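A short write-up of the structure that comes next.
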Amino acid sequence: HLVETAPDLQWVQSLGAGTDIPLLQDILQRGARLTTAHVSAISIAEFVMRTVLERFHRADERRVSRGEKDYPRDDFREICGTTWLIYGMGAIGSRTSERARAFGARTIGVRRNPTGSEPVDEMIAPAAVPDNLGRADVVVFSMPSTPETQGIANARFFAAMKPGAVFVNVARAAQ
């Protein structure tokens with residue numbers, strides 16, 4: 001790779017959201033500037049919405065039933081009126097919150113250092129997450145991989161979630 005061997009590297013534009021990739025860590029340690037474009041934030045937010053809709057509408061079950069010419073009563077959950085806890089309010093979390101709110105959901109954002117401009121109904125600190133998990137119908141992970149976020153999705157975390165809540169993880173792989 002040219003990036004790995006360039007002796008006077010000063011700047012790299014990355015398409016990814018995280019910096020925990022060894023190549024990017026090397027670039028940063030060499031003193032080069034690293035910027036990201038967040039080009040996939042909208043498509044990832046739309047993936048989150050699709051995932052929640054598929055679960056709420058039981059799309060897989062409905063496909064099987066239709067294939068068997070069985071048309072049971074169509075009981076499904078609506079996003080409108082639900083509460084979403086979005087852990088990580090960068091580009092992806094913000095785009096997800098905007099879309100969930102457009103469906104009529106209430107959103108709770110989680111961020112270490114809030115800016116005050118996050119598109120959420122409520123903002124909480126990471127330390128307040130365990131006390132708020134039981135409120136959320138949907139929990140979305142969209143945070144970076146940091147020592148503070150590693151391993152938080154554990155048995156205690158899932159036990160604190162509301163029964164029937166949907167969990168969607170689009171965070172960095174280490175979560």
Side-chain angles (χ1 to χ4, degrees), residues 14-20 36-64 72-175:
S14 171
L15 297 177
T19 61
D20 56 332
T36 60
H38 304 295
V39 295
S40 59
I42 291 172
S43 61
I44 293 172
E46 290 180 2
F47 167 81
V48 171
M49 297 305 297
R50 185 193 83 204
T51 300
V52 172
L53 282 167
E54 285 178 345
R55 293 298 304 259
F56 276 22
H57 290 226
R58 298 186 339 265
D60 291 341
E61 294 174 30
R62 292 180 63 207
R63 263 187 226 100
V64 169
R73 182 174 173 199
D74 193 13
D75 292 325
F76 60 86
R77 296 169 69 184
E78 295 178 347
I79 289 177
C80 186
T82 60
T83 298
W84 292 41
L85 188 142
I86 303 172
Y87 198 132
M89 289 305 303
I92 294 168
S94 293
R95 300 303 80 79
T96 300
S97 182
E98 290 167 354
R99 282 149 183 76
R101 291 173 82 192
F103 274 77
R106 174 177 169 69
T107 60
I108 303 168
V110 181
R111 191 174 210 175
R112 285 179 301 188
N113 300 304
T115 64
S117 63
E118 293 84 1
V120 295
D121 297 296
E122 181 181 347
M123 182 63 71
I124 63 172
V129 169
D131 293 333
N132 285 278
L133 281 172
R135 298 172 53 199
D137 300 287
V138 176
V139 176
V140 178
F141 271 13
S142 60
M143 75 285 247
S145 177
T146 67
E148 296 82 25
T149 62
Q150 297 217 358
I152 63 171
N154 56 32
R156 187 176 331 137
F157 181 93
F158 290 113
M161 287 176 55
K162 179 189 267 187
V166 173
F167 176 74
V168 183
N169 184 0
V170 291
R172 302 297 297 163
Q175 269 62 280

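This one's a predicted model, so the numbers in the text were calculated from it and none came from an experiment. Atoms considered below: every heavy atom in the structure, side chains included; atoms not considered: hydrogens, waters and symmetry mates.
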To check you understand the geometry: which heavy-atom pair defines the closest contact between [X] and [Y], and what is its length?
X: R77; Y: G164; answer: NH1-O, 2.8 Å
X: T83; Y: R135; answer: CB-O, 3.5 Å
X: P119; Y: M89; answer: CD-CE, 4.1 Å
X: S97; Y: V120; answer: OG-CG1, 3.5 Å
X: P130; Y: A160; answer: O-CB, 4.3 Å
X: Y87; Y: V110; answer: CA-CB, 3.7 Å

Q | SB check E54 R50 (cutoff 4.0 Å) | A |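 Yes.
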Q: Could you tell me if the ring centre of F157 sits under 6.0 Å from that of F141?
A: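 Here the rings of F141 and F157 have centres that are less than 6.0 Å from each other.
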Note, [X] side chain near [Y] side chain (heavy atom, < 4.5 Å):
X: T96; Y: W84; answer: yes
X: F167; Y: V138; answer: no
X: I108; Y: D121; answer: no
X: T51; Y: F47; answer: yes
X: I152; Y: M143; answer: yes

Q: Report the C-alpha distance between E122 and R106 in whole Å, list the side-chain angles of each, state the deciding distance to 0.1 Å, and finish with yes or no for salt bridge (charged side-chain N to carboxylate O under 4.0 Å, His left out).
A: CA-CA 8 Å; E122 181 181 347; R106 174 177 169 69; 2.8 Å; yes
Q: Would you sort out whether F103 and M49 count as a side chain to side chain contact (heavy atoms under 4.5 Å, CB included), showing the intermediate values?
A: CA-CA 10 Å; F103 274 77; M49 297 305 297; 3.4 Å; yes
Using atom types as modelled and distance alone, determine if a side-chain donor or acceptor of [X] lies under 3.5 Å from a backbone N or O of [Y].
X: R99; Y: R95; answer: yes
X: D137; Y: T82; answer: no
X: T107; Y: R101; answer: no
X: S142; Y: I92; answer: no
X: E46; Y: I44; answer: no

Q: Report the distance from atom CD1 of I86 to atom CD of E118, rounding to the nearest 0.5 Å.
A: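 Taking CD1 in I86 and CD in E118, the distance rounds to 11.5 Å.
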Q) Atom CG of L85 and atom CE of M161: how far apart are they, to the nearest 0.5 Å? A)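 Spacing of CG (L85) from CE (M161) equals 9.0 Å.
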Q: With side chain to side chain contact (heavy atoms under 4.5 Å, CB included) as the test, would you mind laying out the steps for V139 and V166 before giving the verdict?
A: CA-CA 6 Å; V139 176; V166 173; over 6 Å; no
Q) Can you tell me if CD1 on I42 sees more than 12 non-hydrogen neighbours from other groups inside 6.0 Å? A) no
